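Worksheet: the structure to be examined is printed underneath.
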Amino acid sequence: MTLASQAFKGLLRRPDLIQSQGYIGGRWLNALSGKTYTIIDPSLDAPLADVAAMTADDTNVAIEAADEAFQQWRNTTPNHRAAILQKWDRLLRENEADLGLIMSKESGKPIAEAIGEVSYAADYLKFFGHECLRYEGFMIPSHAHGRKMMAIRQPVGVCAMITPWNFPIGMLARKVGPALAAGCTAVVKPAESTPLSALAFAKLGEEAGVPAGVMNIVPSAREAASEIGRTLSVTPTVRKLTFTGSTVVGKILTEQCASTLKKVSMELGGLAPFIVFDDADIPAAVEGLVQAKFRNTGQTCVCPNRVYVQAGSFDEFSKQLVKRVSELKQGVAHQRGFDLGPLINSGAVEKLTAVVEEAIELGAKPLLGATKNPLGPAYMTPTILTNISTNMRVAKEECFGPIVALQKFETEEEVLKAANNTEMGLAAYAFTQDLGRAWRMSEQLEAGMVGLNVGLISAVQAPFGGIKQSGLGREGSIIGMDDYTELKYVCMGGLA
Ligand SMILES: NC(=O)c1ccc[n+]([C@@H]2O[C@H](COP(=O)([O-])OP(=O)(O)OC[C@H]3O[C@@H](n4cnc5c(N)ncnc54)[C@H](O)[C@@H]3O)[C@@H](O)[C@H]2O)c1
Ligand SMILES: O=C[C@H](O)CS(=O)(=O)O
């Protein structure tokens, strides 16, 4: 009995969704090296599965398979592609309980959120399974008799996709959906911590009718990530690379892709400001912060990382926030009834614990938490700090975990300057009941996305992405296919 079959024994309606091999050219394959690596269940700090440890050699096979498949897939009709995406959508929803459990055990995401992510991923397939039916070029008024002028859209070709562990199916569907809808093919490198979700996604894609080679999954251990990334970046056959992850890796990939001048889209790190004005609905602002900050136990790119509360409401807001966060239940991610799970691994806890300790050494005061969590090495206690100064790491670094650093401000001008004083610009939030201020915040906050009086903003129909060093391009929405197509101008003469 394999490690995975033991770990998931009796838990899945579809045990065959657990795949430990890579998926290349429509075949489930071991790594060419024959090697595997072991992933961990962070809730239990226990081995979960042995997975094919693929490398650049396997990636080259996948690129060839995607290129071969592209020659046919590009010529399919939008209706054909739409039917497959819409069936895939249905299969994800039919199997959301199993997919959620798989994701929860490999990532530590609370089970209700994991199942919710499966629905979010299915929404992307549904959305682009309809978008591709209406996606068109345009006719252009001719300046001369006897001519017809038009612009047509054509698929870019083979697309490389590198995805993170915090939304292992959502981020994958956000890329695969528009790419396949446009007629492109894909080579996917999932995060080393969460390969099972990507492989289960591919298993259902196979059942939905995705042809061999159209989507290829190359699982790999962390030490192979850079060689696989380089291979995807420098191989001319790959015409686009889309990445979701940290800014530091995004810069490496963007630089590598310059050698073949690929299209790149980058969904990178965040450092979201969360601003609460005195005129805000304070209970609603507290709830909005809890929803935005503690989703996935604080491990999302759009989590607030800097919380600014105006002086007149600071004490009341702090009191209500401490009470609300104290009510959050933390436990084993794949068991129902918990709001918070572990972080992705014990290393993340060690990194964030050092950030909290540094802040306290520099004068920060813990209102809640800042204590060792007895649940296990990957668990971090929800922590609220006040008396924050801007030289603290907690005030200027992306803290991927359940840490809130509260900062007081006096004026709108002061907080806007502080909020924009960063090279990051993914999401930003402001709570105010003054309409003029709401518009000033939405227009002057330097971010790709702004939430006004709301903490949860992500949606498939919205353009998702950042500015400055939080990314390049947008995913989702009616423009979500643009980066997977080339616009070709056609001028037809001789028609007089
Ligand atoms: N903007 C968004 O939509 C979004 C969404 C989720 C996560 N993120 C960001 O991702 C970060 C956390 O996720 P993470 O820890 O998985 O990020 P990460 O950058 O460490 O890893 C992301 C992916 O890149 C791969 N990778 C790592 N080094 C690589 C290299 N040299 N070449 C090629 N691939 C490489 C990893 O294996 C993984 O698949 C945070 O900064 C978060 O803000 C952004
Ligand atoms: O980490 C952030 C992802 O983009 C997830 S979501 O789109 O905000 O749900």
Side-chain angles (χ1 to χ4, degrees), residues 37 54 56 59 107 109 113-114 116-121 123-124 160-175 188-195 197-198 217-234 241-257 265-272 291-292 295-305 343-345 347-348 351 397-401 424-427 447-449 451 455-477:
Y37 75 102
M54 292 191 158
T59 305
S107 73
K109 181 168 290 187
E113 285 189 45
E117 183 183 334
V118 175
S119 177
Y120 183 47
D123 285 345
Y124 276 109
M161 304 176 176
I162 301 176
T163 53
W165 48 261
N166 63 343
F167 287 82
I169 283 188
M171 297 305 93
L172 183 50
R174 188 153 86 182
K175 300 174 187 301
V188 177
K189 192 210 82 64
E192 52 282 352
S193 307
T194 53
S197 295
I217 311 281
V218 180
S220 60
R222 182 85 188 189
E223 53 266 24
S226 56
E227 70 173 78
I228 291 175
R230 174 169 292 280
T231 299
L232 293 169
S233 301
V234 305
L241 185 141
T242 174
F243 171 73
T244 296
S246 62
T247 294
V248 64
V249 175
K251 289 180 177 178
I252 293 169
L253 292 167
T254 302
E255 189 172 356
Q256 290 176 170
C257 286
S265 57
M266 293 284 150
E267 298 290 347
L268 305 178
L271 199 68
Q291 288 178 349
R295 183 168 157 242
N296 197 20
T297 316
Q299 302 169 110
T300 89
C301 58
V302 290
C303 282
N305 262 265
L343 301 190
I344 187 64
N345 54 44
K351 178 185 172 187
E397 293 178 17
E398 182 178 40
C399 294
F400 234 45
M424 309 308 285
L426 189 59
M449 302 173 285
L456 298 178
I457 58 176
S458 304
V460 298
Q461 67 273 31
F464 191 103
I467 63 172
K468 297 197 275 188
Q469 297 190 32
S470 284
L472 294 169
R474 294 294 184 270
E475 294 188 307
S477 86

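When a ligand or atom number is given, it counts from 1 through the structure's own listing order. Keep in mind that what you see is a predicted model, and the values were worked out from it rather than measured.
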Can you find a heavy atom in the side chain of T59 that is under 4.5 Å from one in the side chain of K189?
-> no
Among protein heavy atoms, which lies nearest atom 9 (O) of ligand 2, and at what distance?
-> R295 NH2, 2.3 Å
Report yes if the side chains of T163 and R174 come closer than 4.5 Å at any heavy-atom pair, otherwise no.
-> no
Contact check, side chains of F400 and L343, non-hydrogen atoms, under 4.5 Å = no
Contacts of L268 meeting side chain to side chain contact (heavy atoms under 4.5 Å, CB included) (sequence neighbours excluded), chain-then-number -> F243, T247, M266
Residues that Q256 engages under side chain to side chain contact (heavy atoms under 4.5 Å, CB included), provided they are two or more places apart = R230, S233, I252, L253
Shell of residues surrounding ligand 1, defined by a 4.0 angstrom heavy-atom cut-off that is strict = I162, T163, P164, W165, N166, R174, K189, P190, A191, E192, R222, A225, S226, G229, F243, T244, G245, S246, V249, L253, E267, L268, G269, G270, C301, E398, F400, L426, F464
Under a 4.0 Å heavy-atom limit, does N166 contact ligand 2 with its side chain, its backbone, both, or neither?
-> side chain
Contact check, side chains of E475 and T242, non-hydrogen atoms, under 4.5 Å = yes
Looking only at protein heavy atoms, what sits closest to atom 2 (C) of ligand 2 is C301 SG, 2.4 Å
For ligand 2, is there an atom lying under 4.0 Å from some heavy atom of E267?
-> no
Is the shortest heavy-atom distance from the side chain of P168 to the side chain of E117 under 4.5 Å?
-> yes
With heavy atoms of V302 as the reference, note each atom of ligand 2 found under 4.0 Å away.
-> 8 (O)
Is R174 touching ligand 2 with its side chain, its backbone, both, or neither, if touching means heavy atoms under 4.0 Å apart?
-> side chain
Evaluate whether atom NZ of K351 has more than 12 neighbouring non-hydrogen atoms of other residues, nucleotides or ligands under 6.0 angstrom away.
-> no
Logged contact type for E117 with ligand 2, heavy-atom cut-off 4.0 Å, is neither
Is the closest side-chain heavy-atom distance between T244 and K175 below 4.5 Å?
-> yes
For atom 7 (O) of ligand 2, the closest protein heavy atom turns out to be Y120 OH, 2.7 Å
Mark up the atoms of ligand 2 that fall under 4.0 Å of a heavy atom belonging to T300, in ascending order.
-> 1 (O)
Which of the atoms in ligand 2, numbered in the order shown and given with their element, are less than 4.0 Å from a heavy-atom of F464?
-> 4 (O), 7 (O), 8 (O)
No-hydrogen, no-angle side-chain donor-acceptor test under 3.5 Å, Q469 and K251 = yes
The closest protein heavy-atom partner of atom 8 (O) of ligand 2 is S458 OG, 2.7 Å
Those residues at least two apart in sequence (or on a different chain) that pass salt bridge (charged side-chain N to carboxylate O under 4.0 Å, His left out) with E227 are none
